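One structure is given below, encoded as C-alpha coordinates.
Reminder, nothing fancy here: chain letters follow the sequence lines and each chain counts from 1. Here the structure is a predicted model, which means the values were calculated and not measured. What's counted below: heavy atoms across the whole structure, side chains too, no hydrogens, waters or symmetry copies.
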Amino acid sequence: MMVCMTKSKLISSLAAELPHLSYKDVELAVKLVLEHMSQALSEGHRVEIRGFGSFSLRHRPARMGRNPRTGVAVYLSSKHVPHFKPGKQLRGRVDIVPRPEEESTV
Amino acid sequence: MGVTDGNDRTVTKARMAEQLFREMGLNRREAKELIEMFFEEIGKALETGGVVKLSGFGNFELKCKSERLGRNPKTGREIPIRARRVVTFRPGQKLKMKVRTCARSEP
(Lines give C-alpha, C1' and ligand atoms only; values in the text may rest on other atoms or scores of the structure.)
Protein backbone atom coordinates (compact mmCIF):
# COMPACT_ATOMS: atom_id res chain seq x y z
CA MET A 1 0.00 0.00 0.00
CA MET A 2 1.84 2.99 -1.33
CA VAL A 3 0.18 6.12 0.00
CA CYS A 4 0.89 9.33 -1.82
CA MET A 5 0.58 12.62 0.00
CA THR A 6 0.11 15.47 -2.44
CA LYS A 7 -0.03 19.20 -1.76
CA SER A 8 -3.82 19.21 -1.85
CA LYS A 9 -4.08 16.21 0.50
CA LEU A 10 -1.63 17.91 2.83
CA ILE A 11 -3.77 21.06 2.81
CA SER A 12 -6.92 19.02 3.50
CA SER A 13 -5.45 17.18 6.47
CA LEU A 14 -3.97 20.36 7.91
CA ALA A 15 -7.32 22.11 7.52
CA ALA A 16 -9.03 19.21 9.30
CA GLU A 17 -6.57 19.39 12.19
CA LEU A 18 -6.74 23.17 12.46
CA PRO A 19 -10.51 23.77 12.58
CA HIS A 20 -10.14 27.41 13.59
CA LEU A 21 -8.51 28.14 10.22
CA SER A 22 -10.35 28.12 6.92
CA TYR A 23 -9.33 25.86 4.06
CA LYS A 24 -8.39 28.96 2.06
CA ASP A 25 -6.09 30.18 4.85
CA VAL A 26 -4.35 26.82 5.10
CA GLU A 27 -4.00 26.67 1.33
CA LEU A 28 -2.38 30.10 1.23
CA ALA A 29 -0.13 29.30 4.20
CA VAL A 30 1.19 26.10 2.56
CA LYS A 31 1.86 28.02 -0.63
CA LEU A 32 3.71 30.75 1.28
CA VAL A 33 5.79 28.25 3.26
CA LEU A 34 6.96 26.48 0.10
CA GLU A 35 7.67 29.80 -1.61
CA HIS A 36 9.58 31.07 1.40
CA MET A 37 11.83 27.99 1.41
CA SER A 38 12.39 28.12 -2.38
CA GLN A 39 13.13 31.84 -2.30
CA ALA A 40 15.61 31.51 0.57
CA LEU A 41 17.46 28.71 -1.23
CA SER A 42 17.60 30.71 -4.46
CA GLU A 43 19.23 33.54 -2.51
CA GLY A 44 21.82 31.15 -1.10
CA HIS A 45 20.38 30.74 2.38
CA ARG A 46 19.87 27.52 4.28
CA VAL A 47 16.57 26.18 5.57
CA GLU A 48 16.87 24.36 8.89
CA ILE A 49 13.87 22.61 10.39
CA ARG A 50 14.73 21.06 13.73
CA GLY A 51 13.73 17.39 13.85
CA PHE A 52 12.87 17.33 10.15
CA GLY A 53 16.02 18.22 8.27
CA SER A 54 17.82 20.94 6.38
CA PHE A 55 17.86 22.18 2.82
CA SER A 56 20.96 23.70 1.28
CA LEU A 57 22.54 24.19 -2.12
CA ARG A 58 25.28 22.12 -3.68
CA HIS A 59 27.54 23.45 -6.39
CA ARG A 60 27.96 21.52 -9.62
CA PRO A 61 31.01 22.60 -11.64
CA ALA A 62 30.80 23.27 -15.37
CA ARG A 63 31.37 20.23 -17.56
CA MET A 64 31.25 19.05 -21.12
CA GLY A 65 28.11 17.08 -21.78
CA ARG A 66 26.75 15.39 -24.85
CA ASN A 67 23.44 15.55 -26.61
CA PRO A 68 22.45 11.90 -26.28
CA ARG A 69 20.58 11.96 -29.58
CA THR A 70 23.14 13.63 -31.83
CA GLY A 71 26.32 12.91 -29.87
CA VAL A 72 27.36 16.56 -30.22
CA ALA A 73 29.43 17.81 -27.27
CA VAL A 74 27.88 20.73 -25.42
CA TYR A 75 29.26 22.95 -22.71
CA LEU A 76 27.18 22.85 -19.52
CA SER A 77 27.81 25.80 -17.24
CA SER A 78 28.21 25.43 -13.50
CA LYS A 79 25.03 25.38 -11.49
CA HIS A 80 23.54 24.89 -8.05
CA VAL A 81 21.19 22.11 -7.04
CA PRO A 82 18.99 21.81 -3.93
CA HIS A 83 20.04 19.27 -1.35
CA PHE A 84 18.07 17.85 1.58
CA LYS A 85 19.62 16.22 4.63
CA PRO A 86 17.05 14.52 6.85
CA GLY A 87 17.33 15.35 10.54
CA LYS A 88 18.08 12.79 13.21
CA GLN A 89 14.48 12.53 14.37
CA LEU A 90 13.07 12.02 10.86
CA ARG A 91 15.78 9.46 10.06
CA GLY A 92 14.78 7.53 13.17
CA ARG A 93 11.09 7.73 12.37
CA VAL A 94 11.27 6.36 8.84
CA ASP A 95 13.92 3.74 9.45
CA ILE A 96 12.70 0.18 9.58
CA VAL A 97 12.63 -1.05 13.14
CA PRO A 98 15.65 -3.22 13.87
CA ARG A 99 14.75 -6.69 15.03
CA PRO A 100 15.59 -7.32 18.68
CA GLU A 101 18.12 -10.09 17.92
CA GLU A 102 20.22 -7.62 15.95
CA GLU A 103 22.37 -6.17 18.67
CA SER A 104 25.09 -4.33 16.78
CA THR A 105 24.08 -1.05 15.27
CA VAL A 106 26.45 1.82 14.71
CA MET B 1 30.82 21.83 2.02
CA GLY B 2 27.59 23.29 0.63
CA VAL B 3 27.33 26.68 -0.98
CA THR B 4 24.65 27.83 1.36
CA ASP B 5 25.94 29.64 4.36
CA GLY B 6 24.61 29.13 7.84
CA ASN B 7 24.10 32.74 8.83
CA ASP B 8 21.42 34.89 10.38
CA ARG B 9 19.30 34.58 7.24
CA THR B 10 18.86 30.84 7.71
CA VAL B 11 15.18 29.97 7.46
CA THR B 12 13.77 28.29 10.58
CA LYS B 13 10.30 27.34 11.76
CA ALA B 14 10.21 30.55 13.80
CA ARG B 15 11.05 32.63 10.70
CA MET B 16 8.34 30.94 8.65
CA ALA B 17 5.77 31.44 11.40
CA GLU B 18 6.77 35.11 11.58
CA GLN B 19 6.22 35.40 7.83
CA LEU B 20 2.71 33.90 8.08
CA PHE B 21 1.98 36.34 10.89
CA ARG B 22 3.13 39.33 8.80
CA GLU B 23 1.75 38.33 5.42
CA MET B 24 -1.48 36.59 6.36
CA GLY B 25 -2.40 38.12 9.64
CA LEU B 26 -2.59 34.75 11.38
CA ASN B 27 -1.89 35.25 15.06
CA ARG B 28 1.52 34.08 16.24
CA ARG B 29 0.22 30.97 17.98
CA GLU B 30 -1.81 29.87 14.94
CA ALA B 31 1.14 30.50 12.64
CA LYS B 32 3.50 28.49 14.83
CA GLU B 33 1.00 25.65 15.10
CA LEU B 34 0.51 25.53 11.35
CA ILE B 35 4.25 25.38 10.65
CA GLU B 36 4.72 22.60 13.22
CA MET B 37 1.84 20.61 11.74
CA PHE B 38 3.10 21.11 8.20
CA PHE B 39 6.37 19.28 8.87
CA GLU B 40 4.69 16.82 11.21
CA GLU B 41 2.23 15.78 8.47
CA ILE B 42 5.07 15.20 6.00
CA GLY B 43 6.99 13.20 8.61
CA LYS B 44 3.91 11.14 9.44
CA ALA B 45 3.25 10.32 5.79
CA LEU B 46 6.85 9.19 5.32
CA GLU B 47 6.82 7.21 8.56
CA THR B 48 3.85 5.19 7.31
CA GLY B 49 5.67 4.35 4.11
CA GLY B 50 4.21 6.96 1.80
CA VAL B 51 5.60 9.37 -0.77
CA VAL B 52 5.08 13.12 -0.40
CA LYS B 53 4.76 15.10 -3.63
CA LEU B 54 4.75 18.86 -3.36
CA SER B 55 4.35 20.09 -6.89
CA GLY B 56 6.79 22.85 -7.81
CA PHE B 57 8.94 22.11 -4.77
CA GLY B 58 9.86 18.45 -4.86
CA ASN B 59 9.14 14.89 -3.76
CA PHE B 60 10.13 13.15 -0.56
CA GLU B 61 10.61 9.45 -1.16
CA LEU B 62 11.76 6.43 0.79
CA LYS B 63 14.62 4.19 -0.23
CA CYS B 64 15.27 0.79 1.27
CA LYS B 65 18.96 0.12 1.60
CA SER B 66 20.07 -3.45 2.02
CA GLU B 67 22.58 -4.55 4.61
CA ARG B 68 26.21 -3.93 3.66
CA LEU B 69 29.66 -4.04 5.08
CA GLY B 70 31.01 -0.67 6.08
CA ARG B 71 34.31 0.29 7.58
CA ASN B 72 35.25 2.27 10.61
CA PRO B 73 37.33 5.01 8.97
CA LYS B 74 39.49 5.40 12.05
CA THR B 75 40.38 1.79 12.75
CA GLY B 76 39.81 0.31 9.29
CA ARG B 77 37.76 -2.49 10.83
CA GLU B 78 34.86 -3.85 8.83
CA ILE B 79 31.50 -3.53 10.48
CA PRO B 80 28.08 -4.63 9.24
CA ILE B 81 25.62 -1.83 8.50
CA ARG B 82 22.12 -3.16 8.86
CA ALA B 83 19.39 -2.78 6.26
CA ARG B 84 17.67 0.57 6.65
CA ARG B 85 15.04 2.84 5.19
CA VAL B 86 16.03 6.41 4.40
CA VAL B 87 14.32 9.56 3.12
CA THR B 88 15.46 11.11 -0.13
CA PHE B 89 14.37 14.42 -1.61
CA ARG B 90 14.07 14.92 -5.35
CA PRO B 91 13.72 18.61 -6.12
CA GLY B 92 11.05 19.54 -8.65
CA GLN B 93 11.76 21.24 -11.96
CA LYS B 94 10.58 24.64 -10.75
CA LEU B 95 12.82 24.63 -7.66
CA LYS B 96 15.79 23.37 -9.67
CA MET B 97 15.41 26.21 -12.18
CA LYS B 98 15.01 28.74 -9.40
CA VAL B 99 18.23 27.88 -7.53
CA ARG B 100 20.28 27.04 -10.61
CA THR B 101 21.84 30.45 -10.99
CA CYS B 102 22.21 31.38 -7.37
CA ALA B 103 24.45 34.45 -7.26
CA ARG B 104 26.53 33.14 -4.39
CA SER B 105 28.52 30.93 -6.67
CA GLU B 106 31.72 31.12 -4.62
CA PRO B 107 31.56 28.91 -1.53
Side-chain angles (χ1 to χ4, degrees), chain A residues 1-7 9-10 13-14 17-18 20-21 25-26 28-30 32-59 77-86 89-91 93-96 98 102 104-106, chain B residues 2-7 9-13 16 19-20 23-24 26 30-31 33-35 37-39 41-43 45-58 60 62 64 70 79-89 91 94-96 98-105 107:
Chain A
M1 45 124 238
M2 197 57 155
V3 211
C4 179
M5 168 75 93
T6 56
K7 204 191 289 178
K9 275 192 207 166
L10 178 61
S13 44
L14 286 176
E17 289 177 72
L18 302 164
H20 50 289
L21 295 179
D25 276 347
V26 176
L28 177 60
V30 166
L32 286 174
V33 166
L34 294 174
E35 267 176 22
H36 193 177
M37 294 198 287
S38 306
Q39 185 61 34
L41 280 171
S42 76
E43 289 169 11
H45 305 299
R46 289 170 60 80
V47 178
E48 286 182 6
I49 311 299
R50 178 128 354 129
F52 184 80
S54 60
F55 296 89
S56 57
L57 293 188
R58 290 284 162 91
H59 183 252
S77 54
S78 70
K79 64 173 178 179
H80 291 100
V81 292
H83 180 259
F84 174 67
K85 183 171 188 274
Q89 194 194 322
L90 182 63
R91 282 206 303 268
R93 279 178 77 175
V94 305
D95 199 0
I96 39 182
E102 284 180 316
S104 73
T105 45
V106 190
Chain B
V3 186
T4 18
D5 48 350
N7 64 9
R9 296 280 311 271
T10 297
V11 174
T12 58
K13 282 191 279 199
M16 289 192 266
Q19 186 220 25
L20 295 185
E23 291 187 20
M24 284 185 64
L26 295 188
E30 286 171 339
E33 191 181 15
L34 198 145
I35 298 290
M37 302 280 302
F38 175 84
F39 293 103
E41 279 298 310
I42 298 176
L46 290 168
E47 190 177 6
T48 53
V51 188
V52 179
K53 296 185 177 184
L54 304 174
S55 115
F57 188 74
F60 294 92
L62 294 169
C64 290
I79 32 174
I81 297 175
R82 66 176 172 81
R84 55 185 63 216
R85 194 167 70 172
V86 296
V87 181
T88 60
F89 174 67
K94 201 170 143 197
L95 180 61
K96 277 201 265 188
K98 198 168 162 118
V99 307
R100 195 186 162 88
T101 55
C102 168
R104 292 168 178 258
S105 50

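For chain A, the nearby parts of B/Met16 are the backbone and the side chain; heavy atoms of each come within less than 4.5 Å. Of the two parts of A/Leu18, only the side chain, counted from C-beta on, holds a non-hydrogen atom closer than 4.5 Å to a non-hydrogen atom of chain B. In this structure, the portion of A/Val81 lying under 4.5 Å from any heavy atom of chain B is its backbone and not its side chain. Only the side chain of A/Leu10 has a heavy atom closer than 4.5 Å to any heavy atom of chain B. Using a 4.5 Å cut-off between heavy atoms, A/Pro86 contacts chain B through its side chain alone, with no backbone atom that close. Residue A/Leu32 touches chain B through both its backbone and its side chain, counting heavy-atom pairs closer than 4.5 Å.
Chosen from A/Arg91, A/His20, A/Arg50, the residue pairing most often with chain B at heavy-atom distances under 4.5 Å is A/His20. Comparing B/Thr88, B/Leu34, B/Ile35 by how many heavy-atom pairs each has under 4.5 Å with chain A, the most go to B/Leu34. Of the residues considered (B/Lys94, B/Gln19, B/Glu23), B/Gln19 shows the highest number of contacts with chain A, using heavy-atom pairs under 4.5 Å. Contact tally against chain B (heavy-atom pairs below 4.5 Å) for A/Gln89, A/Lys85, A/His36: the top residue is A/His36.
Between B/Ala45 and A/Met5, the shortest heavy-atom contact is CB-CB, 4.0 Å. For A/Leu41 against B/Cys102, the heavy-atom pair with the smallest separation is O-SG, 4.5 Å. Heavy atoms only, all atoms of each residue included: B/Lys96 and A/Pro82 are closest at CG-CD, 4.2 Å.
With rounding to the nearest 0.5 angstrom, the CD atom of B/Glu41 is 4.5 Å from the CD atom of A/Glu17. Taking NZ of B/Lys13 as the start and CD1 of A/Ile49 as the end, the distance is 7.0 Å to the nearest 0.5 Å. Atom NE2 in A/His80 sits 15.5 Å away from atom NZ in B/Lys98 (nearest 0.5 Å). Atom NZ in A/Lys79 sits 12.0 Å away from atom OG1 in B/Thr101 (nearest 0.5 Å). Distance check: A/Glu35 CD to B/Phe57 CZ gives 11.5 Å after rounding to the nearest 0.5 Å.
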Going through the checks in order, is the side-chain contact (heavy atoms from CB on, under 4.5 Å) test met by A/Leu34 and B/Phe38? CA-CA 10 Å; A/Leu34 294 174; B/Phe38 175 84; 3.8 Å; yes
Given side-chain contact (heavy atoms from CB on, under 4.5 Å), test B/Glu33 with A/Leu21 step by step and report yes or no. CA-CA 11 Å; B/Glu33 191 181 15; A/Leu21 295 179; over 6 Å; no
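Between A/Asp25 and B/Glu30, the closest side-chain pair of non-hydrogen atoms is not below 4.5 Å. Two residues are said to be in side-chain contact when any heavy atoms from C-beta on lie closer than 4.5 Å; A/Asp95 and B/Arg85 meet this criterion. Annotation: side chain of B/Val87 is not in contact with side chain of A/Phe52 (no heavy-atom distance under 4.5 Å). Side chains of B/Leu46 and A/Arg93 form no contact here, defined as non-hydrogen atoms less than 4.5 Å apart.
Although no hydrogens or angles enter the test, the distance criterion places a donor-acceptor pair under 3.5 Å between the side chain of A/Lys7 and the main chain of B/Ser55.
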